[in-house]
Amino acid sequence: MPAEISPESTAYRAALDVIRAVEPRVADAIGQEVADQREMLKLIASENYASPATLLAMGNWFSDKYAEGTIGRRFYAGCRNVDTVESLAAEHARELFGARHAYVQPHSGIDANLVAFWAVLGARVEVPFLEKTGARQVNDLTDADWAELRQAFGNQRMLGMSLDAGGHLTHGFRPNISGKMFDQRSYGTDPATGLIDYEALRASAREFKPLIIVAGYSAYPRLVNFRIMREIADEVGATLMVDMAHFAGLVAGKVLTGDFDPVPHAQIVTTTTHKSLRGPRGGMVLCDDSLKDQVDRGCPMVLGGPLPHVMAAKAVALAEARRPAFQDYAQRIVDNARALAEGLTKRGATLVTGGTDNHLNLIDVASSYGLTGRQAEAALLDSGIVTNRNAIPADPNGAWYTSGIRIGTPALTTRGLGTAEMDEVAGLIDRVLTATEPGTTKSGAPSKASHVLDAKVADEISHRATDLVAGFPLYPEIDLG
Ligand code: DSN
């Protein structure tokens, strides 16, 4: 009797056969991608593995439909099925996070943040201006009034977390459109503790008087007290916006509650859906009633046509996140990150803030191993361990070479690795970095980019990393034959 083939295997084998008949190289690349992901020890803090149901929900006829506008108010006819999936995704999001309103169209985190910025600008700059001039909408303004309103949009201020403290480029930094839109000032962390200095933040907010205070991070290993952030925002008349892209899974999984859950405290919360939340690649905005109408203008205000196939996948992934098992998953993410911190610390590594309360750790590889982040990242990749380099507070090596390596546990936790395995992972990381030396340039000068690592060591660790993850099969239900 032939072994029974799972429905997932049947689905994917058939899908790859259909693709192979048109462009075999694409089918091969898809097969190779899952093979690579199965072999690698993935510690990129912003990556995960979506479920087969979530992945399959993205490959269908919704991709062919235009649906600009929002649920029940579209610029195109024939959107009833898009309305169904968008409503489902929004309903799951509201229930999961306890939010008044959810907007599930953003294609990415940057898009979600742009929707949020323009919702606040709409509610706090445009609406009062229209009221003052007596115009019903912007098309009714005189040229002079329109010029004045455009100036007002450009004169607003934002306070966001500095990049080297773990903030994100989209929180008002000049290389990003947010920095070109807003006059931005950053808050950082206390050099002694590495923790957010709320009193310094309060003082800066009082002086700067921003329209928006942005909380949230992509490389801060500790908790943020959103109750205090809201207090500060209220005191200076700012809107509190939280970008929870990194830790949305921990909020959904009820690991971050009370002061550490942004949803009851912020007027507007943005997120991606593919990081710790473990959904499809995309974004989402949650908000209170004061910003709901403005948020719903996201498309066509700043977004191109929604991706209904991705909204369908968001609905599936959010339904998964509402199951009790997701709370267990979220707790294990944090337990694993702590175990990784302990494993690294006991081997002598220095961690920014000395440890973690969330899903990520930041290793100071410059002071621990005499390497730049770029050298450490490359040596770890040679050894089958995928991470990314990241600046640390007051980084002496700047934002390109950096002095940090960011490591996160959402992906390995999805595979089922636990705290015992995290100790071994810490050991592998420590062995690679201890065995790695900074390289030199062609002329023999010290290099911040190149590294030297004995190929035998890299090979041995790479094999061990592959063996370790092989014990926790990725997509065990899928056999591509
Ligand atoms: N790219 C995401 C991250 O890695 O944190 C955020 O933009």
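First listed ligand is number 1; within each ligand, the first listed atom is number 1.
Every residue two or more places apart in sequence or in another chain that forms a side chain to side chain donor-acceptor pair (under 3.5 Å) with Thr272 is listed here: Lys275. Residues satisfying the salt bridge (charged side-chain N to carboxylate O under 4.0 Å, His left out) criterion with Glu47, sequence neighbours excluded, are Lys42.
Within the structure, ring pair (Phe, Tyr, Trp, His ring centres under 6.0 Å) pairs that include any residue of residues 365-403 do not occur (at least two apart or interchain).
At a 4.0 Å heavy-atom cut-off, the residues surrounding ligand 1 are Ser46, His168, Ser218, His246, Lys275, Arg406, listed by chain and number.
In this structure, the ring of Tyr217 has its center less than 6.0 angstrom from the ring center of Phe247. Ring centroid separation for the pair Phe117 and Phe182 comes in under the 6.0 Å cut-off.
With Thr273 contributing its side chain and Gly282 its backbone, the two residues share a donor-acceptor pair below 3.5 Å.
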